[in-house]
Q: 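This is the structure, below, for whatever I ask next.
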Amino acid sequence: MTEKPFGMGIRRIFNFCVLLIIYLSAPAQVKVIITRIPPNTPHDATLYLVGDFNNWNPGDPNYVLKPGPDSTFSFTFIQAPDSFDYKITRGNWSSVEGRANGRAITNRVFVKSGTGPEEVKIQIKSWEDIEGNSLSLYSFLLLFSSFQGILLIIAINGIQERNASANRVLSLLIVLISFALLGRVSTYDREIFNWQPKLILLPEMILFVYAPVFYIYIRRLLKFEPEKRKTTLIHFLPAIIHFVAYLPLFFREKKLFIQNVVDQKLYIIFALVGGLALVFNIYYWFKVRHILNSHEEDTSKTQSFEQNLQYLHAVMGLNAICMIIWLFIYLISGLGYAFNLDITLLRERSTDTLWVVFSFTTYFLGYFAMNQPEIFKLPRIVEKYKDSSLSDKEMEVYKKRLTRVMDEQKVYLNPELTLADLSDYVETSTHTLSRVINEGYGKSFYDFINHYRVEAFTQMANDEKYQNETFLSLALSVGFNSKTTFNRAFKKVTGTTPRAYLKEYSPEKIFE
């Protein structure tokens, strides 16, 4: 009789342990609650839970979220897995939830934190089919630049044949930019992305191509010595390696590729390649900067006027701004990773800004090259000295002859005077005259001619006969071809600005 209660107690303890083990080993109950949906959500919309638990079926009737009395929607997993990826849809992938800007959102992730029931509260910020289809100002700017580039290619190849070789390279460069911009737009348009998701790789393809093509264009435009074919191919070796490395992405199954992009599984690849491309582009920026500096130095030996290279300087400035923004993106990404900060929005806005700035390149490269082809008529470099030396007596003879031509014939009044023109007046070769100016006066041809122009200007500015003339009109009459060139040359010769000179010598004149 005494053993029966004891046996019953043991049995109860055993049953409790079994139930406890079953309870602890069973998947926990999880309730997903949507606390907010976008105001533009259709009033009769049915919301579905989709994830790896139902093989990503966006309209599975077994996973419908039930509307609640307080404008919420919920779904309860009776036996939820320890972790799962999921999203919310309205029945298909075209109506999946998105971020506040309508772009694709990464998979939501649930990880069990305990053994008891859990609630997951989320907010839906947008629906891709509603927010993601409108043509934003950003997309419009990129599309406009892309189509403008295509039109400029037609126009550029219809101008004079003077720069035919350079224009062919320029056309290729604008084509590359235009297609890259179109590819960038595809990342914002849901329908285009779902139709051809691999278009987003087009912007990636320009990373190692733009810089060497632009470099070759500058060399041909400014008449630099052409490089050997093997040397030219070396410039594109990184681009070839890049393309080969990306081939698996081009052949990846469409659905898997879309999922990889949305889940940002390709982000690390794009980030590493982009970092290498940034260094690559910075290197070529300095190579092009060196060519422009060399060209300006060389033309000062053969021309008495400045070539209008403003649009090339503008392109270089745009490229520099792009690389600064590019570097900023990597800096904030590094800080975000180091301090576990969510900088996704800032990174995307910075990237968008980078592409908008870059899109203006087509305008500067195409429009100005088309409208100012005449600025590259002249040969780039002066002949090297062929005679071994000039005696002191020969130097004095040429200097007297040169001075007589400058004083009597006033050839400096010609705003397009070149070394070749002046050598005809002096009756000598260009290399001899260049040596006389360089060694006899310690000046470049450009500075030598502008010295005469500045002296002629100061004489006219102090002559009562020209009292009603503005300084700018006087500057143009003595051979300067622009206000900027005049200001720079005047300060180099006199050590002061035209405005300061005006106040000291001719306070009644107005500089315009």
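As a basis for the values below, the full set of heavy atoms in this structure was taken, side chains included, without hydrogen atoms, waters or symmetry mates.
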Q: Would you call the rings of Trp56 and Trp93 parallel, tilted or perpendicular, where under 30° means parallel and over 60° means perpendicular?
A: tilted

Q: Does Lys255 offer a backbone N or O that forms a donor-acceptor pair with the side chain of Glu253 under 3.5 Å?
A: yes

Q: Which distance, rounded to the nearest 0.5 Å, do you find between the OG1 of Thr299 and the CD of Glu296?
A: 6.5 Å

Q: Within the side chain of Ser83, is there an N or O that forms a donor-acceptor pair under 3.5 Å with the backbone of Val111?
A: no

Q: Ignoring hydrogens and geometry, is there a side-chain-to-backbone donor-acceptor pair from Lys198 to Arg252 under 3.5 Å?
A: yes

Q: What is the minimum heavy-atom distance between Arg347 and Ser333, and which atoms define it?
A: CD-OG, 3.4 Å

Q: So, do Phe286 and His290 have ring centers that fall under 6.0 Å from each other?
A: no

Q: Taking atom types as modelled, find out whether Thr76 and Gln29 have a side-chain donor-acceptor pair closer than 3.5 angstrom.
A: no

Q: For the residue pair Tyr217 and Phe214, does the interplanar ring angle fall in the parallel (under 30°), tilted (30 to 60°) or perpendicular (over 60°) class?
A: tilted

Q: For Phe179, does the CZ atom sit with more than 12 other heavy atoms under 6.0 Å from it, leaving out its own atoms?
A: no

Q: Is there a side-chain contact between Lys66 and Phe73, using heavy atoms and a 4.5 Å cut-off?
A: no

Q: Could you label the plane-to-plane angle of the Phe243 and Phe250 rings as parallel, tilted or perpendicular, counting under 30° as parallel and over 60° as perpendicular?
A: tilted

Q: Run the side-chain contact (heavy atoms from CB on, under 4.5 Å) test on Val261 and Ile200 for me, step by step, so that the C-alpha distance in whole Å, both residues' side-chain angles and the decisive distance to 0.1 Å come before the verdict.
A: CA-CA 10 Å; Val261 172; Ile200 70 168; 3.7 Å; yes

Q: Is the closest side-chain heavy-atom distance between Leu312 and Leu221 below 4.5 Å?
A: yes

Q: Taking Asn481's backbone N and O only, do any of them form a donor-acceptor pair with Thr485's side chain (distance below 3.5 Å, no angle check)?
A: no

Q: Which heavy atom of Ile105 sits nearest to which heavy atom of Glu97, and what is that distance?
A: CG2-O, 3.5 Å

Q: Using 0.5 Å steps for rounding, measure from the CG atom of Asp342 to the OG1 atom of Thr344.
A: 4.0 Å

Q: Counting only pairs under 3.5 Å, give me each side-chain donor-acceptor contact of residues 31-41, with atom names and distances, residues two or more places apart or in other chains.
A:
unit_1: Thr35; atom_1: OG1; unit_2: Ile122; atom_2: O; d: 3.2
unit_1: Arg36; atom_1: NH1; unit_2: Ile124; atom_2: O; d: 3.3
unit_1: Asn40; atom_1: ND2; unit_2: Glu131; atom_2: OE2; d: 2.7
unit_1: Thr41; atom_1: OG1; unit_2: Pro38; atom_2: O; d: 2.7
unit_1: Thr41; atom_1: OG1; unit_2: Trp127; atom_2: NE1; d: 2.7

Q: Does Phe193 offer a backbone N or O that forms a donor-acceptor pair with the side chain of Ser186 under 3.5 Å?
A: no

Q: Using the side-chain contact (heavy atoms from CB on, under 4.5 Å) rule, take Asn487 and Thr497 through it: C-alpha gap first, then chi angles, then the decisive distance, then the call.
A: CA-CA 7 Å; Asn487 286 338; Thr497 63; over 6 Å; no

Q: Show your working on side-chain contact (heavy atoms from CB on, under 4.5 Å) between Phe208 and Val273 and close with a plain yes or no.
A: CA-CA 10 Å; Phe208 292 95; Val273 171; 3.7 Å; yes

Q: How far apart are the closest heavy atoms of Lys125 and Gly98, and which atoms are they?
A: CB-O, 3.9 Å

Q: Determine yes or no for a side-chain-to-main-chain donor-acceptor pair under 3.5 angstrom, with Asn281 supplying the side chain and Ala277 the backbone.
A: yes

Q: Quick check for you: to the nearest 0.5 Å, what is the distance between Asn92 atom CG and Tyr48 atom OH?
A: 9.5 Å

Q: I want to check something: taking the side chain as every heavy atom from C-beta on, are Pro212 and Phe280 in contact at a cut-off of under 4.5 Å?
A: yes

Q: Using the rule given for side-chain contact (heavy atoms from CB on, under 4.5 Å), can you reason through Leu256 versus Lys265, listing the C-alpha separation, both sets of side-chain angles and the distance that settles it, and then say yes or no?
A: CA-CA 11 Å; Leu256 178 60; Lys265 292 184 178 180; over 6 Å; no

Q: CG of Asn340: more than 12 outside heavy atoms within 6.0 angstrom?
A: no

Q: So, do Thr361 and Val315 sit near enough that their side-chain heavy atoms are less than 4.5 Å apart?
A: yes

Q: Is the number of heavy atoms from other residues, nucleotides or ligands under 6.0 Å of Phe360 CZ greater than 12?
A: no

Q: Taking Asn167 for the side chain and Leu170 for the main chain, is one N or O donor matched with an acceptor at less than 3.5 Å?
A: no

Q: If we ignore hydrogens and angles and just use 3.5 Å, is the side chain of Asp85 paired with the main-chain N or O of Gly51 as donor and acceptor?
A: no

Q: Find out whether Val50 and Tyr63 are in side-chain contact, i.e. whether some heavy atom of one side chain is under 4.5 Å from a heavy atom of the other.
A: no

Q: Less than 4.5 Å apart, any side-chain heavy atom of Leu327 and any of Leu278?
A: yes

Q: What distance do Ile88 atom CD1 and Leu49 atom CG have between them, rounded to the nearest 0.5 Å?
A: 4.5 Å

Q: Testing Tyr284, Trp285, Tyr210 for side-chain hydrogen bond (donor to acceptor under 3.5 Å, both in side chains) with Asn319, which one passes?
A: Tyr210

Q: Quick one: CZ on Phe144 to CG on Leu181, what's the gap to the nearest 0.5 Å?
A: 12.0 Å

Q: Whether the Tyr138 and Arg349 side chains hold a donor-acceptor pair (N or O, under 3.5 Å, no angle test) is what I'd like checked.
A: no

Q: List the atom of Gly275, the atom of Tyr330, and the distance in Å for their closest heavy-atom pair.
A: N-OH, 2.6 Å

Q: Search all heavy atoms of Ala489 against all heavy atoms of Phe480 and return the closest pair with its distance.
A: CB-CE2, 3.6 Å

Q: If we only count heavy atoms from C-beta on, is the Lys254 to Gln196 side-chain gap below 4.5 Å?
A: no

Q: So Leu201 and Phe270, do their side chains get closer than 4.5 Å, heavy atoms only?
A: yes

Q: For Tyr246 and Glu204, run side chain to side chain donor-acceptor pair (under 3.5 Å): C-alpha distance rounded to whole Å, both residues' side-chain angles, the deciding distance at 0.1 Å, then the answer.
A: CA-CA 9 Å; Tyr246 270 36; Glu204 292 287 312; 2.9 Å; yes

Q: Indicate yes or no: does Arg90 engage Glu128 in a salt bridge with an N to O separation below 4.0 Å.
A: no

Q: Please state whether the rings of Trp355 and Phe358 are parallel, tilted or perpendicular, taking 30° and 60° as the class boundaries.
A: perpendicular

Q: What distance separates Ser178 OG from Ile153 CD1, expressed to the nearest 0.5 Å?
A: 5.5 Å

Q: For residues Cys322 and Leu354, report the shortest heavy-atom separation together with the two atoms involved.
A: O-CD1, 3.2 Å

Q: For the side chain of Ser146 and the backbone of Leu142, is there at least one donor-acceptor N/O pair under 3.5 Å apart?
A: no

Q: Ring centres under 6.0 Å, that's the criterion: do Phe75 and Phe77 meet it?
A: yes

Q: Report, as yes or no, whether the 6.0 Å neighbourhood of atom NZ on Lys287 holds more than 12 heavy atoms from other residues, nucleotides or ligands.
A: yes

Q: Does the plane of the ring in Phe53 sit parallel, tilted or perpendicular to the ring in Phe84? Use 30° and 60° as the thresholds.
A: perpendicular

